[in-house]
Protein chains: 2
Amino acid sequence: MSKTSIKINLTHKAYLRDPESTELGRRIIKESIILIDELGFEQFTFRKLATVLGSTEASIYRYFENKHKLLVYLVSWHWAWLDYSVLFQTNNMPDPRLRLSRAIDVITTSGTDDPATAHVNESALYRIVIAEASKVYLTKEVDMDNKDGYFLEYKRLCHHIAEMVLDVNPNYPYPHALISTIMEAAHQQLFFAQHLPSLTEIKGTQRRPEEAAAFLKHLVFAAVDQNYKAA
Amino acid sequence: MSKTSIKINLTHKAYLRDPESTELGRRIIKESIILIDELGFEQFTFRKLATVLGSTEASIYRYFENKHKLLVYLVSWHWAWLDYSVLFQTNNMPDPRLRLSRAIDVITTSGTDDPATAHVNESALYRIVIAEASKVYLTKEVDMDNKDGYFLEYKRLCHHIAEMVLDVNPNYPYPHALISTIMEAAHQQLFFAQHLPSLTEIKGTQRRPEEAAAFLKHLVFAAVDQNYKAA
DNA sequence: ACTTTTTTGATAGTATTACTATTATACAGG
DNA sequence: CCTGTATAATAGTAATACTATCAAAAAAGT
């Protein structure tokens, strides 16, 4: 990845005013990532964020309607960044198996900071994605939010990897289901390894992302390579 | 399943006072399931529940410290019931493959009401589990809650099915990771089929649970049957 | 039937959250 | 220097998430 700054463009508007366009906006993004990571989304409030920023609630409300929309923005940013990252890292890989394998590596080990997006603490954001991302869609407003395009980045990423699955085996019947399953599993298994270790064989020690990647690759290639036979 | 009433015993105490022990307690459980299903967990409040019950907030607070603990109770009850159900439905099945296959059927199609647990609306509770269960552990308090045994029912269920995996293939290296993955996937795929259909091949029409079961069986047996080879 | 304990309802009150509105000021570009 | 935009300061509201107290009602024990 180059050292030039990357501007991730989001296709929807989870925001009222583009936070990238002003100094306060950028500080809202930067500090909210740190604060949500620290407090968890439930305990995070605009009042606390305003205090950290030395600003006011009202100022933050000019950028985001509420904290849920801010979370949507942050998580969408991550998916867009990850989609770009997967594309970049698998570019010019002719072997479809290696390409899919690399993609799985990227999605499980994306918790490392990238100098190209300096104003975003990518590893803190990744922790937020692990612990909070599913709350973005697990609401009663999911259908409205979907209509407003809030999940486009996630769907696009899943679709790209699902196509890689079909490149390996065009007859595999569940490419999207498989990829959405392992995308979620990537986070869950890392979370379980840390907090509920009896739910996984991935150890809570070092090289957790690599172990998770190994499990997921095993799973994906087993599924994709299998000749279909009902159990 | 027999027509005699079943009392599900939870090993921890998410409650302050056992809701099964009083009339009001049982009504709290019954009506909270309906109300959370209706409003979603975020919009659900003890005040609204009290209004439905013709009672007061203070009375409900005598049973549960807060709405999160009530959700823990409801979800744990579901896991305990599902564990029992899996055990019952796989009892006396000598073939390990058929047993595992049946277990997957049970966990994906458990949204149907059971006359044995009349005071609980099992299908509404299943919808709650699909949309809200992960919020039970995706909190900053997860380690404390784990210490207090709030996830024992879920862990026990996963462990039972993981053992079935090992009965099929004792050398499969990720039985718990596989089962925790497909437990979560079962809910996600049903949720996606309904709300974000581009993320899955499972169609939003009829027989959704059966389609989900087919996908999950394909996945599980592919993984368990595969001779290990790195990608 | 009487007493004691438990359970519930009624009422009140607090701190915090999740906002909205208004106005004044700072500051940046033309 | 003027003008618009961005921000800060202040104030206020409705709802949420509780806690405390006390009296009435119901249940249980003797």
Side-chain angles (χ1 to χ4, degrees), chain A residues 13-32 35-36 38-74 119 132 135-136 138-141 144-145 150, chain B residues 13-32 35-36 38-74 119 132 135-136 138-141 144-145 150:
Chain A
K13 296 263 160 65
Y15 52 77
L16 295 171
R17 178 177 306 185
D18 184 0
E20 294 292 337
S21 69
T22 65
E23 182 58 27
L24 180 63
R26 285 184 293 270
R27 291 182 60 225
I28 288 172
I29 301 307
K30 184 175 180 175
E31 299 299 329
S32 68
L35 204 56
I36 293 173
E38 212 173 284
L39 304 176
F41 187 64
E42 279 72 30
Q43 301 308 313
F44 168 83
T45 67
F46 278 1
R47 176 160 302 226
K48 290 172 185 170
L49 178 58
T51 304
V52 170
L53 291 169
S55 178
T56 62
E57 272 183 284
S59 297
I60 300 169
Y61 275 106
R62 291 202 194 90
Y63 288 85
F64 294 97
E65 234 179 292
N66 52 52
K67 67 176 186 170
H68 186 257
K69 302 263 168 128
L70 171 57
L71 184 64
V72 170
Y73 179 87
L74 294 177
H119 65 296
E132 323 287 359
K135 295 171 191 170
V136 161
L138 291 178
T139 71
K140 280 286 169 190
E141 295 79 36
M144 270 179 47
D145 288 354
Y150 288 7
Chain B
K13 296 261 159 70
Y15 53 77
L16 296 170
R17 179 178 306 185
D18 185 0
E20 295 292 337
S21 70
T22 66
E23 182 58 27
L24 180 63
R26 284 183 294 269
R27 290 182 61 226
I28 287 172
I29 300 306
K30 183 174 181 174
E31 298 299 330
S32 67
L35 204 56
I36 293 173
E38 212 173 284
L39 303 176
F41 187 63
E42 280 73 30
Q43 302 307 314
F44 168 84
T45 67
F46 277 2
R47 176 161 303 228
K48 291 171 185 170
L49 178 59
T51 304
V52 171
L53 291 170
S55 178
T56 61
E57 273 182 283
S59 296
I60 300 168
Y61 275 106
R62 292 201 189 93
Y63 287 84
F64 293 97
E65 235 179 291
N66 52 51
K67 69 175 183 169
H68 185 257
K69 302 262 168 131
L70 170 57
L71 183 64
V72 170
Y73 180 88
L74 294 177
H119 66 298
E132 322 287 358
K135 296 172 191 170
V136 162
L138 291 177
T139 71
K140 280 287 169 186
E141 295 79 37
M144 268 180 46
D145 288 354
Y150 287 8

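In the text below, chain A, chain B and the rest are named by the order of the sequence lines, each starting its count at 1.
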Are B:Glu31 and B:Arg27 within salt-bridge range, i.e. N to O under 4.0 Å?
-> no
A:Lys135/A:Glu42 under salt bridge (charged side-chain N to carboxylate O under 4.0 Å, His left out): CA gap, chis, key distance, verdict | CA-CA 10 Å; A:Lys135 295 171 191 170; A:Glu42 279 72 30; 3.1 Å; yes
Which parts of residues 58-67 of chain A get close to DNA chain C, meaning a heavy atom less than 4.0 angstrom away?
-> A:Ala58, A:Tyr61, A:Glu65, A:Asn66, A:Lys67
Report yes if some heavy atom in the side chain of B:Ile60 is under 4.5 Å from a heavy atom in the side chain of B:Lys67; otherwise report no.
-> no
Can you check whether B:Arg27 has a side-chain N or O nearer than 4.0 Å to OP1 or OP2 of C:dT8?
-> no
Whole angstrom is fine here: how far is it from NE2 in A:His68 over to P in C:dC19?
-> 12 Å
Within this structure, what is the CG-to-C1' distance between A:Asp18 and D:dA6, rounded to whole angstrom?
-> 14 Å
Is there a side-chain contact between B:Leu49 and B:Ile36, using heavy atoms and a 4.5 Å cut-off?
-> no
Take the protein atom CZ of B:Arg26 and the nucleotide atom C1' of C:dT8, then report the distance between them rounded to whole Å.
-> 15 Å
Is the shortest side-chain N/O distance from B:Thr56 to OP1 or OP2 of C:dT11 below 4.0 Å?
-> no
Tell me whether the OP1 or OP2 atom of D:dT7 has a side-chain N or O from A:Ser55 closer than 4.0 Å.
-> no
Locate the shortest heavy-atom distance separating A:Phe64 from A:Pro19; write the atom from each residue and the value.
-> CZ-CG, 3.8 Å
So which of residues 38-49 of chain A are in contact with DNA chain D, with a heavy-atom cut-off of under 4.0 Å?
-> none
Using the ring of each side chain (for Trp, its six-membered ring), is A:Phe41 parallel, tilted or perpendicular to A:Phe44, with breaks at 30° and 60°?
-> parallel
Within a radius of less than 6.0 Å around NZ of A:Lys13, do more than 12 heavy atoms belonging to other residues, nucleotides or ligands occur?
-> no
Any donor-acceptor N or O pair under 3.5 Å, side chains A:Tyr63, A:Thr22 | yes
Could you state the CD-P distance from A:Glu23 to C:dA28, rounded to the nearest angstrom?
-> 11 Å
Rounded to the nearest angstrom, tell me the gap between atom CG in B:Leu16 and atom C1' in C:dT6.
-> 16 Å
Quick note, A:Glu57 side chain, CB onward, closest among D:dA8, C:dG9, C:dC19 is C:dC19
Smallest separation among heavy atoms of B:Arg26 and B:Ser21, with atom names = NH1-C, 4.0 Å
